[in-house]
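Taking it in order: structure first as structure tokens, then the write-up.
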Amino acid sequence: MSSTVTGQHTPTALIIGASRGLGHAMAAEFLGRGWNVIGTVRDASARTPLHDLADRADGRVTIEHLDIDEPNHLAPLHERLAQRQLDLLFVNAGTTNNEQTPIGAVPTADFVEVMITNALSPMRVIEALEDLVSPTGLIGAMSSGQGSITNNTTAGREVYRGSKAALNMFMRSFASRQAETQRAFVLMAPGWIRTALGGPDAPFTIEESVPLLVDVLLSKLGMPGLAYLDRSGQTVPW
Ligand SMILES: NC(=O)c1ccc[n+]([C@@H]2O[C@H](COP(=O)([O-])OP(=O)(O)OC[C@H]3O[C@@H](n4cnc5c(N)ncnc54)[C@H](OP(=O)(O)O)[C@@H]3O)[C@@H](O)[C@H]2O)c1
């Protein structure tokens with residue numbers, strides 16, 4: 001799919017956590033397909049790859065500031081975006097911790113940090129901003145194959161897995177509350193990708209992965225209901 005822009009309507013994507021890694025690459029990919037992009041960065045004072053993208057984008061990339069773990073950032077962000085209609089809202093931001101520690105040995109502070117950032121905060125963002133999304137738009141979040149309970153036969157990354165499983169559950173509740181709408185809801189399992197979070201041993205590059213993720217999201221636009229999908233568009237078992 002080279003572009004989704006048809007007729008006069010230029011669609012807009014809001015990508016939460018677009019400073020670097022997968023979020024930045026998604027912003028670039030949507031821009032390349034003719035979309036307008038609003039991307040958020042956590043640190044309002046830092047220069048990021050998203051700023052470089054915006055410099056080359058002829059005004060089609062807007063940078064906003066949001067730390068998803070700061071609930072008091074959400075109302076001002078909503079106010080700043082009140083005149084924009086979103087075709088796609090995607091929460092990419094996420095984190096991990098020391099992945100080898102078995103769950104019983106994980107310090108409470110590490111557990112709380114990962115669970116808040118990966119499970120609670122994305123849903124706060126979605127619930128705070130969802131009214132900006134078109135009635136036929138898409139609301140998504142970056143989950144992980146590690147969030148599949150069914151597929152967890154190897155352990156490891158225990159808090160991270162739990163946080164993404166929790167995100168899946170919360171998104172399922174949110175989508176159930178919107179069951180009568182025409183909106184699409186997507187939990188994305190992107191595969192193991194070489195980023196700061198994915199590490200150097202991951203088998204996939206950002207460059208080969210992100211066009212596939214965007215293809216999957218675009219294929220779900222206009223398809224009501226919740227899906228938990230991998231990079232090929234295949235359903236991941238809960
Ligand atoms: N890479 C993989 O193999 C893989 C696999 C499955 C799922 N995922 C998921 O994909 C998403 C992106 O990961 P990545 O691999 O691109 O990692 P990354 O390169 O470490 O990027 C993480 C992104 O999340 C942002 N972020 C983290 N905490 C935030 C907060 N409190 N508020 C706002 N932004 C915050 C970071 O912003 P800053 O620049 O400000 O830190 C950064 O933009 C995550 O949800 C991750 O769990 C990744």
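Every number for a ligand or one of its atoms is a count from 1 in the order of the listing. What you are looking at is a predicted structure, and each value in this text was computed from that prediction instead of being measured. Note: hydrogens, waters and symmetry copies are ignored here, and every other heavy atom, side chains too, is used. FYI, the numbering just counts along the sequence from 1.
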Report task. Could you check atom 4 (C) of ligand 1 against the protein and tell me its nearest heavy-atom contact, residue, atom and distance included? Result -> Gly191 O, 3.9 Å
Query raised in the report: Mind checking whether Tyr160 has a heavy atom under 4.0 Å from ligand 1?
Result: yes
**Report entry** Residue Gly17 vicinity, atoms of ligand 1 by number, heavy atom under 4.0 Å
**Finding:** 43 (O)
Query raised in the report: Counting heavy atoms only, which of Leu50, Asn92, Leu213, Ile116 comes nearest to atom 45 (O) of ligand 1?
Result: Asn92
Requested in this report: Please answer whether the main-chain N or O of Gly17 pairs with a side-chain N or O of Asn92 as donor and acceptor at a distance below 3.5 Å.
Outcome: yes
Query raised in the report: Leu22 to ligand 1: N or O pair under 3.5 Å?
Result: yes
Requested in this report: Kindly confirm or rule out an N or O of Gly23 lying under 3.5 angstrom from an N or O of ligand 1.
Outcome: no
Query raised in the report: Do we see a donor-acceptor contact under 3.5 Å between the side chains of Arg161 and Thr154?
Result: yes
Query raised in the report: Can a donor-acceptor pair be found between the side chains of Thr150 and Ser148 at a distance below 3.5 Å?
Result: no
Query - Any donor-acceptor N or O pair under 3.5 Å, side chains Asp87, Thr12 - result: no
Requested in this report: Ignoring angles and geometry beyond distance, decide whether Thr95 reaches within less than 3.5 Å of ligand 1 through its nitrogen or oxygen atoms.
Outcome: no
Query raised in the report: Under 3.5 Å between some N or O of ligand 1 and some N or O of Asn118?
Result: no
Query raised in the report: Which word best sums up how the rings of His65 and His73 line up, parallel for under 30°, tilted for 30 to 60°, or perpendicular for over 60°?
Result: tilted
Query raised in the report: Is it the side chain, the backbone, both or neither of Ser143 that has a heavy atom closer than 4.0 Å to ligand 1?
Result: backbone
Report task. Under 4.0 Å, heavy atoms only, figure out whether ligand 1 is touched by the backbone of Arg194, its side chain, both or neither. Result -> neither
Report task. Please say whether Asp43 places an N or O atom under 3.5 Å from an N or O atom belonging to ligand 1. Result -> no
Query raised in the report: Would you say Asp67 and ligand 1 have an N/O pair spaced under 3.5 Å apart?
Result: yes
Report summary line: Checking Thr96, Asn118, Leu120, Asn168 against Ser163 for side-chain contact (heavy atoms from CB on, under 4.5 Å), the one that qualifies is Asn118
Requested in this report: Indicate, as side chain, backbone, both or neither, the part of Pro190 found under 4.0 angstrom from ligand 1 when only non-hydrogen atoms are considered.
Outcome: side chain
Query - Atom indices of ligand 1 within 4.0 angstrom of Leu66 heavy atoms, with elements - result: 32 (N), 33 (C)
Report summary line: Among Val114, Ile206, Leu197, the residue with a heavy atom nearest to atom 13 (O) of ligand 1 is Leu197
Query raised in the report: Taking only heavy atoms of Ser144, which atoms of ligand 1 are found under 4.0 Å from at least one of them?
Result: 6 (C), 7 (C)
Report task. Could you tell me whether Thr195 and ligand 1 have an N or O pair separated by under 3.5 Å? Result -> yes
Requested in this report: Check whether NZ of the Lys or CZ of the Arg Arg231 lies under 6.0 Å from the centre of the six-membered ring of Phe204 and within 45 degrees of that ring's axis.
Outcome: yes
Query raised in the report: So is Lys164 in contact with ligand 1, going by heavy-atom distances below 4.0 Å?
Result: yes
